[in-house]
Amino acid sequence: MRVVLSFFLAIFVMQAMPVRADGGDHPLQGYREVQGKLWKKKAYTDSRGKNLVILTHTGIYTSKPTADPDFICSSGDLYAYGYTNDGAVPPTLSWRMHDYVHECETSARADFSQDSPIVTDLDGNGISEVWITYYIGCHGDVSPDGMKILMYEGNKKYALRGETFVHVDGMDQGGKYKADPAFSSAPSVFRQYADKLWQKNMQP
């Protein structure tokens, strides 16, 4: 009996843990920093050479943070990685992002927007901008989720942070957001594009 219980406990722990993406014949083998399951990747070329952005996720997985067998929580992780293919083996990691919802007692959410990632060169300086929109939430009703738009130009990061927009029982909720101070010294075209992207994605 003890052996059987140990077996099922091991299976549960394996299902609950985020996985690495570089094992065996995985399509991301060789990118040693990458965790999670591949969601989307996009290659592009700019003045720095060949580049690759990778988005991964764990999906929503369950966990038991207490000894109470009836207390089960849900969690989810999102990852993003920017690589420069400068001939180095493994490729050079320029930036990375990790966000999550952990130990959610109701309904967890951790999703990228369908249009992520977007690659632009809005200021025409030859260095591409990579835009990533995603949602993080934990609630048991129809409430706004957390929403973020991140932009990387090289290894410099810009961000909008706020909530999705919902219309419930005749009332508007959420939809508001704030920009990081980095936008204040950036080309105005960055903030203009970020605002349009927010309006497009705030009702997923």
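Position 1 is the first residue of the sequence, and the numbers go up from there. As the structure is a computational prediction, the values presented were derived from the model and not from experiment.
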Check your understanding: Is there a path of hydrophobic side-chain contacts, each under 4.5 Å between heavy atoms of I, L, V, M, F, W or Y residues, that connects Val166 with Met202?
Key -> no
Check your understanding: Are any side-chain N or O atoms of Asp111 and backbone N or O atoms of Arg109, one a donor and one an acceptor, separated by less than 3.5 Å?
Key -> no
Exercise for review: Please step through salt bridge (charged side-chain N to carboxylate O under 4.0 Å, His left out) for the pair Asp180 and Arg161, ending with a clear verdict.
Suggested key: CA-CA 8 Å; Asp180 276 1; Arg161 296 179 171 89; 2.6 Å; yes
**Study point:** Apart from Leu55 itself, residues in the same hydrophobic cluster as defined by side-chain heavy atoms under 4.5 Å
**Key:** Trp39, Tyr44, Val53, Leu78, Trp95, Met97, Val101, Phe112, Val119, Val130, Ile132, Tyr134, Ile136, Leu150, Tyr152
Check your understanding: Between Phe190 and Tyr158, how do the two ring planes meet: parallel, tilted or perpendicular, split at 30° and 60°?
Key -> perpendicular
Check your understanding: Under 30°, 30 to 60°, or over 60°: which ring-plane class applies to Tyr79 and Tyr81, parallel, tilted or perpendicular?
Key -> parallel
Practice item. Would you check if there is a donor-acceptor pair between the side chains of Ser74 and Thr62 at a distance under 3.5 Å? Key: no
**Study point:** Smallest separation among heavy atoms of Ser94 and Thr84, with atom names
**Key:** OG-OG1, 2.9 Å
**Study point:** Min side-chain heavy-atom separation Leu160-Lys148 under 4.5 Å
**Key:** no
Exercise for review: Please tell me if the side chains of Asn51 and Tyr83 come closer than 4.5 Å, counting only heavy atoms from C-beta onward.
Suggested key: no
Check your understanding: Going by heavy atoms in the side chains, are Trp198 and Met147 under 4.5 Å from each other?
Key -> yes
Study note, to complete from the structure: Closest non-hydrogen contact found for Pro144 with Glu163 is CB-CB, 3.9 Å
Review point. Between the side chains of Glu153 and Asn125, does any donor sit under 3.5 Å from an acceptor?
Key: yes
Practice item. Answer yes or no: is there a side-chain heavy-atom contact under 4.5 Å between Thr56 and Lys37? Key: no
**Study point:** Residue pair His102 / Asp77, side-chain donor-acceptor N/O under 3.5 Å
**Key:** yes
Practice item. State plainly whether the residues Asp115 and Lys200 are in salt-bridge range, i.e. N to O under 4.0 Å. Key: yes
Review point. Which heavy atom of Lys40 sits nearest a heavy atom of Pro117, and at what distance?
Key: CD-CD, 3.6 Å
Revision key, fill the gap. Smallest heavy-atom separation, Thr45 atom then Ser128 atom, equals O-OG, 4.5 Å
Check your understanding: Considering all heavy atoms of both residues, which atom of Glu129 and which atom of Asp123 are nearest to each other, and what is their separation?
Key -> OE2-OD1, 3.0 Å
Point to revise | Any Gln173 side-chain heavy atom under 4.5 Å of Val168 side chain | key: yes
Point to revise | Side chains of Thr120 and Trp131, donor plus acceptor under 3.5 Å | key: yes
Review point. Would the SG atoms of Cys138 and Cys104 measure under 2.5 Å apart?
Key: yes
Review point. Are any of the side-chain heavy atoms of Phe71 and Cys73 separated by less than 4.5 Å?
Key: yes
Exercise for review: For Tyr100, look at atom OH and say whether over 12 heavy atoms of other residues, nucleotides or ligands are found less than 6.0 Å away.
Suggested key: no
